[in-house]
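To start, the structure itself, in structure tokens.
Counting starts at 1 for both ligands and their atoms, following the listed order.
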Amino acid sequence: MSRIAYVNGRYAPHCEAAVHVEDRGYQFSDGVYEVIMVRAGRMVDGNGHLERLGRSLEAVKIDWPMNRRSLEVVIGEVVRRNRLRDGFIYLQVTRGVVRRDHQFPDNIQPSLVMTARRCAVLADSLDDLGVGVITIPDTRWKRCDIKSISLLSNVLSKQEAREAGAYEAWLVDEEGYVTEGASSNAWIVTGAGGLVTRPVGRALLGGVTRQTVLELARGEGVALCERPFTVEEARVAAEAFLTSTTSFIKPVVSIDGVKVGAGRPGPVCASLTALYAAYVKAQGGGE
Ligand code: PDD
């Protein structure tokens, strides 16, 4: 089945969908995006994603391409036209099309692009063997809280991870603290079973999955501490894991080739995965 993309008011076959060469997203990475999980045809954490989209747009002074209600209608239509049951919606808003010039005019119509991807969205259990991460310096700009499409540093970091045989790169600030992964948030579990993850701020993206996992853990009475942690602390943690819309909760079983804990997924990660899977199912209508 050909996939349908949405581009500036039109639904087009994926292979024909295109934007103008002078779209500022293409010329300057002048735009923001969201990746939203769809389960049983419904958005998971839709509010969290659209609220973050609003914060990103405001931070970079791009107007909403349409009001939020209309945007939700377009998302629903992309889901419907692609017969998307389980998968992801990619949504990108750029400043729009205008002759190339760094500064931008006042009344420019933002561009909106949406695509859909089918994919199983849930790992019900931790059959997952866990993944390895490498640690590398965080070379990104100072507004990583904005979900900007300008991802060159993230792309290069992720590629470095792949070339090292790892799943993710954990980015490290100048003081030796982990900010987050190249496309995910980073967590450790202390010997006492408490969760540690860096507090949100300009150094990292406030992940929607991160927020949901925090709330689920809080509801279970798990000890939580939002504070930065160092690479050394992560290496000797009882467990480590990462979270993102597309990775869900992934146990991290090695850091720079050194085993974390027993070198396999641990019990805290397993119970959070089960909680998160139940949450996603419930959001998708309990199917
Ligand atoms: N990335 N940090 C970074 C740098 C990210 O790019 C992402 C998500 C996250 C996790 O955010 P969330 O839980 O809201 O997905 C953290 C998406 C999935 C991507 O770029 O494909």
Side-chain angles (χ1 to χ4, degrees), residues 25 29 31-39 43-56 59 75 86-94 113-123 131 133-162 167-173 177-187 195 197-217 226 228 240-250 252 272-273 275-277 279-280 283:
S29 288
V32 299
Y33 76 107
E34 282 295 328
V35 182
I36 306 172
M37 186 196 292
V38 172
R39 162 77 187 177
M43 279 193 284
V44 174
D45 284 331
N47 264 339
H49 284 283
L50 294 181
E51 272 160 27
R52 184 173 64 190
L53 176 67
R55 289 196 299 278
S56 295
I75 294 171
D86 291 351
F88 303 99
I89 293 287
Y90 176 82
L91 179 169
Q92 173 175 305
V93 183
T94 66
V113 166
M114 246 181 254
T115 53
R117 181 156 61 90
R118 282 187 185 176
C119 182
V121 293
L122 271 186
V131 296
V133 302
I134 56 166
T135 60
I136 58 176
D138 191 343
T139 56
R140 300 173 302 163
W141 71 330
K142 295 192 168 69
R143 288 304 306 272
C144 297
D145 55 319
I146 301 170
K147 201 157 171 63
S148 160
I149 59 169
S150 183
L151 290 171
L152 188 51
S153 179
N154 306 60
V155 163
L156 294 175
S157 301
K158 199 89 182 179
Q159 184 62 19
E160 199 170 327
R162 170 189 272 190
Y167 179 82
E168 177 63 300
W170 276 8
L171 310 174
V172 182
D173 71 15
Y177 291 99
V178 174
T179 50
E180 60 178 332
S183 65
S184 58
N185 290 115
W187 304 67
L195 298 182
T197 194
R198 187 166 175 135
V200 291
R202 293 188 169 194
L204 71 159
L205 184 75
V208 171
T209 320
R210 173 191 178 283
Q211 189 56 34
T212 296
V213 170
L214 275 177
E215 282 160 21
L216 291 172
E226 290 184 73
F241 62 95
L242 56 85
T243 56
S244 84
T245 301
T246 48
S247 292
F248 326 111
I249 300 176
K250 269 217 179 301
V252 169
L272 288 174
T273 301
L275 276 174
Y276 185 66
Y279 172 83
V280 168
Q283 287 247 317

Residue-level breakdown please: for [X] versus ligand 1, do any non-hydrogen atoms fall below 4.0 Å on the side chain, on the backbone, on both, or on neither?
{"X": "Asn185", "answer": "both"}
{"X": "Ser247", "answer": "neither"}
{"X": "Ser184", "answer": "backbone"}

Non-hydrogen atom of [X] closer than 4.0 Å to ligand 1:
{"X": "Gln211", "result": "no"}
{"X": "Tyr90", "result": "no"}
{"X": "Glu34", "result": "no"}
{"X": "Gly48", "result": "no"}

[atom1] of [X] to [atom2] of [Y]: how many Å apart, nearest 0.5 Å?
{"X": "Asp173", "Y": "Arg140", "atom1": "CG", "atom2": "CZ", "answer": "10.5 Å"}
{"X": "Ile36", "Y": "Ile75", "atom1": "CD1", "atom2": "CD1", "answer": "4.5 Å"}
{"X": "Asn154", "Y": "Leu205", "atom1": "CG", "atom2": "CG", "answer": "9.5 Å"}

Under 3.5 Å: N/O of [X] near N/O of ligand 1:
{"X": "Val208", "result": "yes"}
{"X": "His49", "result": "no"}
{"X": "Thr246", "result": "no"}
{"X": "Thr209", "result": "yes"}
{"X": "Glu180", "result": "yes"}
{"X": "Asn154", "result": "no"}

(Q) Would you say that more than 12 heavy atoms from the other residues, nucleotides or ligands in this model lie under 6.0 Å from the OH of Tyr177, or not? (A) no

Residue [X] vicinity, atoms of ligand 1 by number, heavy atom under 4.0 Å:
{"X": "Gly181", "value": "4 (C)"}
{"X": "Val35", "value": "19 (C), 21 (O)"}
{"X": "Ser244", "value": "10 (C), 13 (O), 15 (O)"}
{"X": "Ser183", "value": "1 (N), 3 (C), 4 (C), 5 (C), 6 (O), 7 (C), 8 (C), 9 (C)"}

**Q.** Between Thr139 and Ser153, a side-chain donor and acceptor under 3.5 Å
**A.** yes

Q. Going by atom types only, do Asn185 and Thr197 share a side-chain donor-acceptor pair under 3.5 Å?
A. no

Q) So does Lys147 pair up with Glu34, basic N to acidic O under 4.0 Å? A) no

Q: Please determine if Arg198 and Glu226 form a salt bridge, counting it only when a charged side-chain N lies under 4.0 Å from a carboxylate O.
A: no

Return the closest protein heavy atom for [atom] as residue, atom name and distance.
{"atom": "atom 20 (O) of ligand 1", "result": "Tyr33 OH, 2.6 Å"}
{"atom": "atom 11 (O) of ligand 1", "result": "Gly207 CA, 3.5 Å"}
{"atom": "atom 17 (C) of ligand 1", "result": "Lys147 NZ, 3.5 Å"}
{"atom": "atom 15 (O) of ligand 1", "result": "Thr245 OG1, 2.5 Å"}

**Q.** Candidate list Arg39, Arg117, Arg118, test salt bridge (charged side-chain N to carboxylate O under 4.0 Å, His left out), partner Asp86, passing option
**A.** Arg39

Q: Please name the pair of heavy atoms, one in Tyr33 and one in Tyr90, separated by the smallest distance, quoted to 0.1 Å.
A: CD1-CE1, 3.4 Å

Q | Heavy-atom closest contact (Asp45 atom, Gln283 atom, distance) | A | N-OE1, 2.6 Å

(Q) What verdict does the side-chain contact (heavy atoms from CB on, under 4.5 Å) test give for Tyr276 and Thr243, after you've listed the backbone C-alpha separation in whole Å, the side-chain angles of each residue and the deciding distance to 0.1 Å? (A) CA-CA 11 Å; Tyr276 185 66; Thr243 56; over 6 Å; no

Q | Lys250, Arg210, Glu168 screened by side-chain hydrogen bond (donor to acceptor under 3.5 Å, both in side chains) with Ser184, the one that passes | A | Glu168

